[in-house]
Each structure stands twice: as C-alpha cells, then as structure tokens.
Amino acid sequence: MPHSTASAASTSGPGAHAAGEAGPAAIALSAFLDGHPVATFVLDTAHTITHWNKACEHLLGWSTEEMVGTKNHWQAFYPKQRALLADLIVSGVDPAASEHYRERHKRSALIPGAYEDEDFFPNIGVSGHWLHFTAAPLRDGGGQVVGAIQTLRDVTERRVAENALRKAHDSLEHLVEKRTAQLAEANQRLEDDIRQRELADAELRRRNIELTELNAQLGMAQQQLLQSEKLASIGQLAAGVAHEINNPIGYIFSNFGTLQSYLGSLFEMLQAYREAEPHVADAATAERLRAMREGLDLDFLREDIPSLMNESKEGIVRVRHIVQDLKDFSRVDANQEWVWANLHQGIDSTLNIVSNEVKYKADVVKHYGDIPDIECLPLQLNQVIMNLVVNAAHAIAGERGTITVATGADDGGHVWLEVRDNGSGIAPDNLSRIFDPFFTTKPVGKGTGLGLSMAYGIVRKHNGAITVQSTVGAGTTFRVLLPVRHDKSPTEPGAPQP
Ligand SMILES: Nc1ncnc2c1ncn2[C@@H]1O[C@H](COP(=O)(O)OP(=O)(O)O)[C@@H](O)[C@H]1O
Ligand SMILES: [Mg+2]
C-alpha cells in the first residue's frame, strides 16, 4: 500500500488535481481519499499539499481548492506558521528534536517512520476540537521518501468523556479521601470516647471501693459507739440504782447500830429482872414470870438474838460494799475527768462487779505491788480491767483455773497491771488480730470482738501500752503500762494545758 501511494504521490501535483488524474491508479487514489471518512492530506517533498480530502474539508473548514497546490496546511490548525508532523517527515526531522513535538509525539507501532500526536485546537469549530494525528512517510520503489500522508481524527468526544471521567474519578477520589478522613476522625473520637469512658469507669470503680471501705469503717465506728453508749447507759443505770439503795442502806446500817445498843440495854434490864425474880413476894406472880420465861426460852433468845444481829449486820455491810463498788465502777459523776486515783481500788471494785462471771470458773489471786496514785480516767480503766478479767474467765474451760491480777511500779514514772490466766491461750495466727474491732473467736451472742479494741483505745488515750504474751494450752498474760502523770498528748489536741 505505501508503495502504490508513493507512486501516486510522485505523479500527482497541483496541476494534476486541477486537470484530472493521469492514470487509473492516480484517479483511484484521489477518489479513494475523498471516499475515505478519515480526514487526510498529503504533502510532497516540497511541503506542497497534493491531496486534501472531503473529510478534511468538512472537519477543518478549508476547501480542497483553497489548499491543494499551496503550503498553507498550517493555517487550518495554527494562527502562525509552523511544521506539522507530515512536514517533519518530509524534512527528515525527528519529532524528538522539534520543540513542538518533543514532549508529546509517539512513534507508530505499525508503520516504521510514522508518528502520532494528539492536541487541542481552539480555532477549529465553535469551541475548539481535540485531534488525533497520524503521519506516515510515502516512499518510492527504492524506499526514498517522496512525501508524507497525515490523517486527523476528531477525538473531542472521547477527550471530553475522558476528562469528565477523570474529573469524576478525581472527585470520587477526593470524596473517598474526605470520607476516609472523616471516618478516621470519627474513629479517633470514638477511641477517645472509649478511653475516657474506661477512665471514668475505673474512677467509678475506685470510688466505689473507697465508699465501700468507708462504709465498713462507718459501720464499725457506729458499732463501737453503740457499744460504748450501751456501756455508758448501763453504768449510769447502775450508778442510779446504787445511789437509790445507798440511802436506805445507810440509815438501816446506822439504825442497826443503835438497835444493837438498845438491845444490849434491854438484855441488861432483863438480867436484872431475872436476878430479882426469887425476891418476888407474891407466889402467883413469881410462878407466872417463871412460866413465861421458860415458854419464851429467854436463855436461847439471849444467845441467838446477838448472833442474828451480827449476821444481819454482815449482810448489810456486804450490800453497802456492793453498792459502793457499783458507784465506784460507774463513777458517772467523774466520767471524763482526769483525776488522781488508786488502781487497786478500781481493780477491787471491778473484781467484785465481775465476780459472778469469774467465781465459778477460777480463783482470783491478787499480787498488789506498792504503787502510787495515777492521773487517769478511772471509770475507763475499770472498763479495761473488766474486759481483761472477763476474757481470762472465758479462756478457762473445764478444770478450775487461776486468774492472777498483779500490779507494780517501775523507775520510769509508770505503773503496770497484769492479768494472767492459765486458760486456753491464743493461737499465733490470731495474736496480731485480737485488738482489731470485731475480731472474736467466740460464738455469736457470747463475743462482740470489741473488748480488746476498747481496752486498746483507752490505754492509748492514757499514753500507755498494752501487750500480750500467750502460749496455746498454757495461758495468757495481758500487761498494761500506764504513766503516773497524764501528759497532754497529741491524741488529745483539744485538752487544756495544766
Ligand atoms: N485471756 C485470753 N485467752 C485466750 N484468748 C483470748 C483472751 N483474751 C482475748 N482472747 C481472744 O481475743 C479475742 C478478742 O477478744 P475481745 O476483743 O475481748 O472480744 P470477745 O471477748 O468479745 O471475743 C477473743 O475472741 C479471744 O479469741
Ligand atoms: Mg472480750
């Protein structure tokens, strides 16, 4: 095909076109080109247009008559003269060396020496057109270039579609990017939210634990308060009862003394009558007196009445003691006052109070040392002694045991008090917990677990110390150390200075 067109090109010229083709092949070429729907023009080696087909006329708006035989083909495309691809082929210039085509041209894959190019031409048509060029050399039989043929296809629609597609693609990509960013942001927000929720959750759980602990502490404090409240009211009640009994017992006791001395006088008088009896002159009267004396068994009465009186007096003395102990123990009047008091007195009255709890289980042995009075809260110390002694009694089961209460003083201004038992002892595991509030090994109803914690608190208030030594199966010793003088301590910040 290139060969036949080459020979056609060599014989055709401007004149030939105007005058008609010489041979059937040339005619065939011109007709062929006109019948061909692709816009096509042909240049000879002098860059003169030899063919400009109908499709070209139609596409570019320049007629065949205007173009053939001229070198004005550039006018159809550009405002200024410049080489087209076909011109470069005819000149033997590689488009790669041309400033206009360097960047855009492509070598044809099918035809050697042919090139392709695509460009936009704003001057063609109303709003410009995209054209795709193909330019190929025309060669003679010897392979010599004798011209060039260039075709142009209108690819505007494709380019527009491509552009629209690219735009759509771009906007889609943009949209995807935007959406991705939005999603990432939302995701970030969600993660932040989750993290914050987790933090809040942890905080809540921590608070809850704190509150639960606080609640437990509050419960304990309340129990302790209740317990001490109960003890205080029991003490008050006891003190009230003791006070009421104290008066009548007082006058019974003093009347009793008087009664005893009156009775003594009466018995003396009776003795005098008895001795005067033989001297009664009237026999009937003397007989009546004798019968009455024997009937009443006056001799027995004279022996029995004083012993009855003594026994009763002993009883009254005991009642008086109990009442006094109750009063001493309660000391409601001196409830919270620091006073100088003797420990032995407190121990004695307390032992009397708890004797009922102790006397069936153990003998109480006292080893009192020589101790000075101490500045203390006596009622509260009595409470300590009571708790220790009752615990000691509880620890003794089965065989009768011994509870030893000992006191003494050291050189460092302290007195000490020991309550020792030969009871069950305390298991080593429990030893560290016995002072905890509510720690008890006793069955419900028997133990509250508050005795030792209260004792500990009271001893601490006195700036003293309480220690324990115990051997399982052998017994336990509690030792309380108390300062003689009460030092206003940091545990009582509000206490007035002496
Ligand atoms: N002398 C003691 N011998 C043996 N165990 C004792 C003695 N004193 C206290 N304990 C132990 O310490 C626990 C706590 O005592 P306490 O605080 O007085 O409470 P409670 O007597 O109500 O149980 C007792 O349950 C007991 O196990
Ligand atoms: Mg107890």
Side-chain angles (χ1 to χ4, degrees), residues 216-217 219-235 238 329-330 343 346-347 349-367 377 379-407 416-462 464-482:
Q217 278 174 2
M220 272 187 194
Q222 197 206 13
Q223 287 285 343
Q224 249 173 324
L225 258 168
L226 269 178
Q227 185 68 9
S228 57
E229 191 70 14
K230 205 165 87 186
L231 281 168
S233 52
I234 288 171
F329 179 81
S330 315
L343 218 51
I347 297 169
S349 66
T350 304
L351 284 175
N352 280 339
I353 298 282
V354 297
S355 74
N356 204 45
E357 195 95 9
V358 177
K359 68 182 172 200
Y360 304 111
K361 290 183 146 190
D363 300 313
V364 177
V365 179
K366 299 180 195 173
H367 285 305
L377 300 165
L379 170 61
Q380 299 207 350
L381 286 188
N382 288 349
Q383 186 73 60
V384 173
I385 295 158
M386 182 165 98
N387 292 355
L388 294 182
V389 173
V390 169
N391 277 349
H394 284 170
I396 293 163
E399 238 176 88
R400 190 170 178 80
T402 305
I403 297 172
T404 309
V405 182
T407 61
W416 55 262
L417 154 78
E418 269 181 15
V419 177
R420 180 163 63 245
D421 67 67
N422 57 355
S424 61
I426 302 169
D429 276 358
N430 291 343
L431 214 51
S432 63
R433 302 165 62 198
I434 54 171
F435 292 106
D436 292 351
F438 307 108
F439 175 79
T440 183
T441 56
K442 294 169 193 175
V444 181
K446 184 110 197 233
T448 59
L450 286 170
L452 286 180
S453 87
M454 255 171 85
Y456 182 86
I458 291 167
V459 171
R460 286 282 309 138
K461 206 191 266 182
H462 284 75
I466 183 166
T467 51
V468 59
Q469 267 185 331
S470 188
T471 310
V472 174
T476 306
T477 304
F478 281 91
R479 184 184 171 92
V480 175
L481 193 70
L482 296 165

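Atom set for the values below is all heavy atoms of this structure, side chains included, hydrogens, waters and symmetry mates excluded. Residue numbers count from 1 along this sequence. We count ligands from 1, going down the list as the structure has it; atoms in each ligand are counted the same way.
- Each of the following atoms of ligand 1 lies closer than 4.0 Å to a heavy atom of Ala395: 2 (C), 3 (N), 4 (C).
- Taking any N or O of Ser424, backbone or side chain, none lies under 3.5 Å from an N or O belonging to ligand 1.
- Counting only heavy atoms of the protein, atom 25 (O) of ligand 1 lies nearest to Thr441 N, 2.9 Å.
- Here Phe478 has side-chain heavy atoms under 4.0 Å from ligand 1, and that is the only part of it that gets that close.
- Nearest protein neighbour of atom 12 (O) of ligand 1, counting heavy atoms only, is Ile434 CG2, 3.3 Å.
- Rounding to the nearest 0.5 Å gives a distance of 9.0 Å between OG of Ser453 and CG of Asn387.
- Counting only non-hydrogen atoms, the option in Asn391, Val419, Ile403, Ile426 that gets closest to atom 5 (N) of ligand 1 is Ile426.
- For atom 23 (O) of ligand 1, the closest non-hydrogen atom on the protein side is Thr440 OG1, 2.5 Å.
- Minimum heavy-atom separation, Pro428 to Val472: CD-CG2, 4.1 Å.
- With a cut-off of 2.8 Å, the Mg ion (ligand 2) has an N, O or S atom of Asn391 in range.
- For the ligand labelled ligand 1, residue Gly449 lies inside the 4.0 Å heavy-atom shell.
- At distances below 3.5 Å, not a single donor-acceptor pair connects side-chain atoms of Asn382 with backbone N or O atoms of Thr350.
- When non-hydrogen atoms are compared, ligand 1 lies under 4.0 Å from the side chain of Asp421 (C-beta onward) but not from its backbone.
- The nearest heavy-atom contact from the protein to atom 14 (C) of ligand 1 is Phe439 O, 3.3 Å.
- Here the protein heavy atom with the shortest distance to atom 21 (O) of ligand 1 is Lys442 NZ, 2.6 Å.
- Set against the non-hydrogen atoms of Leu452, the atoms of ligand 1 under 4.0 Å away are 9 (C), 12 (O), 15 (O), 16 (P), 17 (O), 18 (O).
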Open item on the list: One pair to check against side chain to side chain contact (heavy atoms under 4.5 Å, CB included): Val365 and Arg420. What are the steps and the verdict?
Closed with: CA-CA 10 Å; Val365 179; Arg420 180 163 63 245; over 6 Å; no
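- Counting heavy atoms from C-beta outward, Ile458 and Leu377 have side chains that stay 4.5 Å or more apart.
- You'll find the side chain of Ile403 reaches within 4.5 Å of the side chain of Ile396, heavy atoms only.
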Open item on the list: Set out, in order, the CA-CA distance, both residues' side-chain angles and the distance that settles side chain to side chain contact (heavy atoms under 4.5 Å, CB included) for Leu351 and Lys366, then state yes or no.
Closed with: CA-CA 10 Å; Leu351 284 175; Lys366 299 180 195 173; 3.6 Å; yes
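- Rounding to the nearest 0.5 Å places CG of Leu481 at 10.5 Å from CD of Glu418.
- Looking at heavy atoms from C-beta onward, Leu482 lies in side-chain contact with Leu381 at the 4.5 angstrom threshold.
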